[in-house]
2 protein chains.
Amino acid sequence: MVDHPMPEERASKYENYFSASERLSLKRELSWYRGRRPRTAFTQNQIEVLENVFRVNCYPGIDIREDLARKLNLEEDRIQIWFQNRRAKLKRSHRESQFLMVKKNFNTNLLE
Amino acid sequence: MVDHPMPEERASKYENYFSASERLSLKRELSWYRGRRPRTAFTQNQIEVLENVFRVNCYPGIDIREDLARKLNLEEDRIQIWFQNRRAKLKRSHRESQFLMVKKNFNTNLLE
DNA sequence: TTGTAATTTAATAGC
DNA sequence: GCTATTAAATTACT
């Protein structure tokens with residue numbers, strides 16, 4: 001568990017004095033310094049492609065991931081994590097719908 | 001910000017025809033229907049206790065959270081979310097005060 | 001309008 | 001690889 005030490009961002013103060021891309025790289029540098037990778041913001045298109053692959057195969061091997069990485073201009077690691085999180089999300093949604101179904105049946109049974 | 005497109009609430013126009021508690025439960029039902037938990041309104045006392053714990057430990061483990069949940073008569077989930085949001089708020093305030101400090105120094109340096 | 005509870009999801013830690 | 005959390009960013013309500 002990362003106990004966030006908080007030597008907080010010396011960059012933010014200068015933010016207005018830099019261009020957008022300079023700010024971004026400053027931010028990245030600082031985030032790394034603080035020990036956490038800056039959150040990747042996938043584009044709509046990247047997500048679309050990833051979702052399409054996921055529908056067919058939610059466990060793509062290293063070869064497919066590398067291929068995606070090239071095509072989407074992302075690091076392979078980002079893609080691996082994306083699929084991990086996506087599988088977790090799918091699992092949660094399954095759990096939830098199961099729960100709702102059980103609940104529905106429970107209520108229905110009470111009325112019979 | 002602005003964004004009030006909404007196929008909006010058939011409830012709101014009837015609001016005046018219902019008692020406060022009827023309005024509240026209507027609202028809750030609508031929130032659930034829309035897939036969002038109705039906003040919890042913490043009491044002054046609950047906030048006070050949470051703030052006191054936060055001062056000592058802003059990353060309470062599951063055991064402490066469960067304990068708080070019992071004592072404050074809240075769901076453990078509400079408490080986890082509260083700490084999450086509280087940490088984000090603290091971080092924002094740190095960023096802001098740092099920004100002000102830097103700005104002040106920057107201006108001072110210009111005058112030297 | 002502001003503050004903040006709630007949501008979503010990328011990233012991390014531990015197993 | 002999975003689970004449980006965290007942080008970041010946003011949404012939306014009071």
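Since we're looking at a predicted model, the values are computed, not measured. Numbered from 1 within each chain, the chains take letters A, B, ... in sequence-line order.
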Distance check needed: [N] [atom2] versus [X] [atom1], whole Å only.
X       : N      : atom1 : atom2 : result
B:Ile81 : D:dC13 : CD1   : P     : 17 Å
B:Leu90 : D:dA8  : CG    : C1'   : 15 Å
A:Gln44 : D:dT10 : CD    : P     : 14 Å
B:Phe83 : C:dA6  : CZ    : P     : 14 Å
A:Lys91 : D:dA4  : NZ    : P     : 9 Å
B:Ile47 : D:dT14 : CD1   : P     : 15 Å
A:Phe54 : C:dT9  : CZ    : C1'   : 14 Å
B:Ile79 : D:dT5  : CD1   : P     : 14 Å

Between [options], spot the one nearest the side chain of [X], thanks.
X       : options               : value
B:Asn85 : C:dA5, C:dA10, C:dA11 : C:dA5
A:Tyr59 : D:dA7, C:dA5, D:dG1   : D:dG1
A:Arg65 : C:dT4, D:dG1, C:dA6   : D:dG1
A:Arg87 : D:dC2, D:dA7, C:dA5   : D:dC2
A:Phe42 : C:dA10, D:dA12, D:dT6 : C:dA10
B:Arg37 : C:dA6, C:dT12, D:dT3  : C:dA6
B:Thr40 : C:dA6, D:dT6, C:dA11  : C:dA6

Please tell me if [X] has a side-chain N or O lying less than 4.0 Å from either OP1 or OP2 of [N].
X       : N     : answer
A:Lys89 : C:dT9 : yes
B:Gln84 : C:dT4 : no
A:Arg36 : D:dA8 : no

**Asked** Is the closest basic N to carboxylate O distance between A:Arg70 and A:Glu76 below 4.0 Å?
**Response**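 Looking at A:Arg70 and A:Glu76, the cut-off is not met.
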
**Request:** On the 0 to 90° scale, with breaks at 30° and 60°, tag the B:Trp82-B:Phe54 ring pair as parallel, tilted or perpendicular.
**Result:** perpendicular

Looking only at non-hydrogen atoms, find the nearest pair between [X] and [Y] and report the distance.
X       : Y       : answer
B:Gln46 : B:Leu72 : NE2-O, 2.9 Å
B:Ile79 : B:Arg65 : CD1-O, 3.7 Å
A:Leu90 : A:Ser93 : O-OG, 2.9 Å

**Asked** Heavy atoms under 4.0 Å, any strand shown: does A:Arg86 hit a base, just sugar-phosphate, or nothing?
**Response** nothing

**Sugar-phosphate, base or nothing in reach of B:Arg39, heavy atoms under 4.0 Å** = base

